[in-house]
Each structure stands twice: as C-alpha cells, then as structure tokens.
Amino acid sequence: MAAMKTPTIVVHGGAWSIPDEIAEASQAGVKAAAEAGYKVLTSGGSALDAVETAVRIMEDDVVFDAGTGSVLNSAGDVEMDAIIMDGQSLRAGSVACVQNIAHPVSLARQVMEKTDHTMIVGEGANLFAKELGIPQVPTDQLVTDIARQQWEEYNKYKRAVNELFDSQLGHDTVGAVAVDSEGNVACATSTGGITAKRVGRVGDSPVIGCGAYADNESAAVSCTGHGEAIMSVTLARTVTVNMEQGASAQAAADKSIAYMKNRVDGTGGVIVVSREGQTGVSFNTRRMPWAVVRDGTIRFGMNPGENFQKDCPKD
C-alpha cells in the first residue's frame with residue numbers, strides 16, 4: 001500500500017502591480033482561500049475538491065478579477081475563462097468567454113466530468129450551464145463600480161492588451177494547486193478578463209499547459225500574468241518539464257519565469273506543488289499575493305522576498 005502523502009495547497013491571487021489600497025485585502029483573500037482548501041484536504045477531500053473550493057472563494061471576492069470581481073471587455077460585457085485539471089487521469093475541463101455565471105471554475109469541472117470535451121466556449125458554454133441548471137447572474141453583480149470606471153477610461157483610448165498589463169488596473173487571475181493524502185495533484189485557474197479587451201479574446205487561463213497543468217508524475221501548476229506571453233512558452237507545461245528533468249518545484253518555477261522573460265519579455269507568476277508536497281512560488285511582477293498551507297501552518301507573501309509564517313486558525 002502506498003504511503004499517505006501530506007496534504008498541501010498553494011493559492012495565488014494574480015501577478016500584477018497591485019495598488020496599495022487593495023493590497024491587504026488581496027493578501028487576506030488568498031489566505032482565506034488557501035485555508036478553506038486545506039480544510040477540504042484534511043477532511044478527506046480530493047485535490048480537485050480543494051482547488052475548486054479555493055478558487056470559488058476567490059471568485060466570490062470582489063478584490064480579485066474572477067467571478068464577482070470580473071472586468072468589462074470593449075463591448076461592455078463580461079467574458080470569463082477557467083480551467084480545472086486532474087493530475088491522476090490527465091483529464092481537464094475548461095470554459096472560455098462564458099458570461100453571467102458566478103463560478104466559472106465549477107462549470108469547467110462539469111465540462112471535465114459530464115462531457116467528452118476539454119473546452120467549451122462562448123455561447124456553447126452558457127448553453128451547457130443552462131442545461132445543468134446553473135443560474136445566470138446580472139452583469140452588474142459581477143462588475144464593481146471601479147471596474148466600470150476603468151472600462152470607460154480605457155475603452156475610450158482603445159489600448160492594447162500588452163499596454164494594459166501590469167498597470168494599476170486589475171488583471172489578477174486567481175489559481176490554486178493541491179496534493180491530497182492519496183498523492184493526487186490538481187490545479188485550477190480562473191479569470192474575469194482584461195479591461196476593454198477585444199471581444200472574444202482568450203488568454204492563457206483556460207488553455208491546458210498554458211494557464212494550468214497537472215500531472216501526478218511531476219506537479220500541478222497554475223499561472224497568472226500576460227496571457228499572450230504565457231501561451232507563447234506554454235508556461236505551466238514548461239514548469240512540469242523542468243521538474244521531470246530533475247529540478248525542484250521552486251527551481252522549476254524560477255527557471256520557467258526567467259525563460260518567459262528572456263524569450264518573449266513576458267511578465268507573470270506561477271505556483272507549483274508536487275506529489276511529494278514540494279512547493280514553488282515565483283513571479284517577476286511588482287506583486288503577487290500567495291499562500292501555502294501544509295501541516296497546519298500557513299506561509300504567505302505578496303512582495304518579492306516575503307515569506308511570512310503562522311499557525312492556521314483552529315476550528
């Protein structure tokens with residue numbers, strides 16, 4: 001019988017220039033999500049259950065650009081993307097440009113578990129949600145007043161995606177990776193888009209091997225950052241390849257971020273967890289809120305070099 005593994009979860013809240021006025025809330029949000037996901041793991045839940053739970057919490061938090069914190073595209077609509085992947089079976093489910101649902105990550109899981117497909121997009125994703133009885137929510141429930149003000153300003157100037165990225169505007173894709181007591185890894189990533197992006201633009205978040213990847217033979221990875229750059233180097237898969245070649249989780253994360261920067265001048269971040277519970281966190285933006293929970297202890301940070309630690313709250 002295989003030895004039990006130590007349940008571990010890592011969460012990120014997006015790699016970008018997070019303004020000071022939401023920094024504390026961003027850090028608190030990833031800590032809450034990580035602690036909730038860890039409770040799932042320690043209650044006997046699977047890695048898939050844990051990452052879905054963690055991401056749903058961040059989709060419900062208006063400080064993050066996912067779910068209820070989404071932003072508006074150039075037409076003034078919300079288009080959300082999400083993915084979830086099981087490292088044991090290599091099955092994944094994702095949705096892209098889905099509109100007016102609160103939890104895209106859960107719809108992505110339904111794609112994985114209830115269809116023969118990996119990705120469903122646009123109108124098809126919304127039709128699938130309707131078939132499942134998932135209620136639609138009004139756009140105003142998903143978009144804050146600040147997001148609407150940003151849309152009015154940036155849509156007026158028709159800025160390109162790469163000009164918007166890493167500004168003070170929100171591009172904070174959220175994600176989680178976990179390993180459960182059975183040694184299975186899983187990942188999930190969700191985003192509410194980039195302000196005033198072209199209608200139908202899809203970034204890395206829902207693309208397998210780019211915004212996320214999970215394989216029990218290497219690790220689970222969730223990415224955040226400039227989607228076009230991340231897709232160019234298939235960032236999540238690049239991390240796992242580095243680990244397959246012998247790198248630790250942290251070294252693989254650092255090497256992959258450096259490769260993206262050197263190869264395509266890309267900015268972003270990654271979180272990683274291996275089957276053995278090795279973790280890695282790396283980013284080259286100004287900030288990325290992250291949290292790791294393992295053995296009842298939470299480690300967290302947001303600015304480069306930060307690594308705080310404390311005991312998790314007791315029930």
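Keep in mind that what you see is a predicted model, and the values were worked out from it rather than measured. Residues take their numbers from the sequence shown, with the count starting at 1.
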Exercise. Would you say the side-chain atoms of Asp86 pair up with the backbone N or O of Leu90, donor to acceptor, closer than 3.5 Å?
Worked result: no
Problem set entry | Residues which pass side chain to side chain donor-acceptor pair (under 3.5 Å) with Asp60, listed by chain and number, not counting sequence neighbours | His103
Exercise. For Asp145 and Gln149, does a side-chain donor sit closer than 3.5 Å to a side-chain acceptor?
Worked result: no
Problem set entry | Electrostatic pair Glu244-Arg237, nearest N-O below 4.0 angstrom | yes
Problem set entry | Stepwise side chain to side chain donor-acceptor pair (under 3.5 Å) test for Thr6 and Asp295 | CA-CA 7 Å; Thr6 302; Asp295 285 329; 4.6 Å; no
Exercise. With sequence neighbours left out, which residue pairs that include part of residues 293-313 fulfil the ring pair (Phe, Tyr, Trp, His ring centres under 6.0 Å) condition?
Worked result: Phe300-Phe308
For this session: Check the surroundings of atom CD in Glu24: do more than 12 heavy atoms from other residues, nucleotides or ligands lie under 6.0 Å from it?
Result: no
Problem set entry | Test item: Ser205 and Ile83 side chains (from C-beta on) under 4.5 Å apart, heavy atoms | no
Problem set entry | Lys/Arg-Asp/Glu bridge criterion (N-O < 4.0 Å) met for Asp49, Arg109 | yes
Problem set entry | side chain to side chain contact (heavy atoms under 4.5 Å, CB included) between Glu59 and Val105, intermediate numbers included | CA-CA 9 Å; Glu59 287 176 337; Val105 70; 3.4 Å; yes
Problem set entry | Check: Ser222/Thr189 side-chain N/O donor and acceptor closer than 3.5 Å | yes
Exercise. Can you name the side chain to side chain contact (heavy atoms under 4.5 Å, CB included) partners of Ala129, sequence neighbours left out?
Worked result: Ile101, Leu107, Ile134
Exercise. What do the steps show when you test Asn126 against Glu123 for side chain to side chain donor-acceptor pair (under 3.5 Å), and what is the final call?
Worked result: CA-CA 5 Å; Asn126 279 101; Glu123 181 181 359; over 6 Å; no
Problem set entry | Spacing of Thr240 atom OG1 and Gln245 atom CD [to the nearest 0.5 Å] | 10.0 Å
Problem set entry | Side chain Arg91, main chain Met112, donor-acceptor under 3.5 Å | yes
Exercise. Any chance the side chains of Ser106 and Arg56 put a donor and an acceptor closer than 3.5 Å?
Worked result: yes
Exercise. How long is the gap from SG on Cys187 to OH on Tyr213, to the nearest 0.5 Å?
Worked result: 9.5 Å
For this session: For Thr139 and Asn100, test the side chains for any donor-to-acceptor distance below 3.5 angstrom and give the result as yes or no.
Result: yes
Exercise. Any side-chain heavy atom of Lys5 sitting closer than 4.5 Å to one from Ser181?
Worked result: no
For this session: Could you walk me through whether Val270 and Ile257 pass the side chain to side chain contact (heavy atoms under 4.5 Å, CB included) test, one step at a time?
Result: CA-CA 8 Å; Val270 296; Ile257 289 293; 4.1 Å; yes
Exercise. When you check the gap from the basic side-chain N to the acidic O, do Arg201 and Glu228 get nearer than 4.0 Å?
Worked result: yes
Exercise. Should we count CD of Glu217 as having more than 12 external heavy atoms under 6.0 Å?
Worked result: no
Exercise. Can a donor-acceptor pair be found between the side chains of Asp254 and Ser282 at a distance below 3.5 Å?
Worked result: yes
Exercise. Is it true that Arg275 and Asp215 have a side-chain N and a carboxylate O under 4.0 angstrom from each other?
Worked result: no
Exercise. With distance as the sole test, does Asp65 use its side chain to make a donor-acceptor pair with the main-chain N or O of Gly192 at under 3.5 Å?
Worked result: yes
Exercise. Would the number of heavy atoms belonging to other residues, nucleotides or ligands and lying under 6.0 Å from CD of Gln250 be above 12?
Worked result: yes
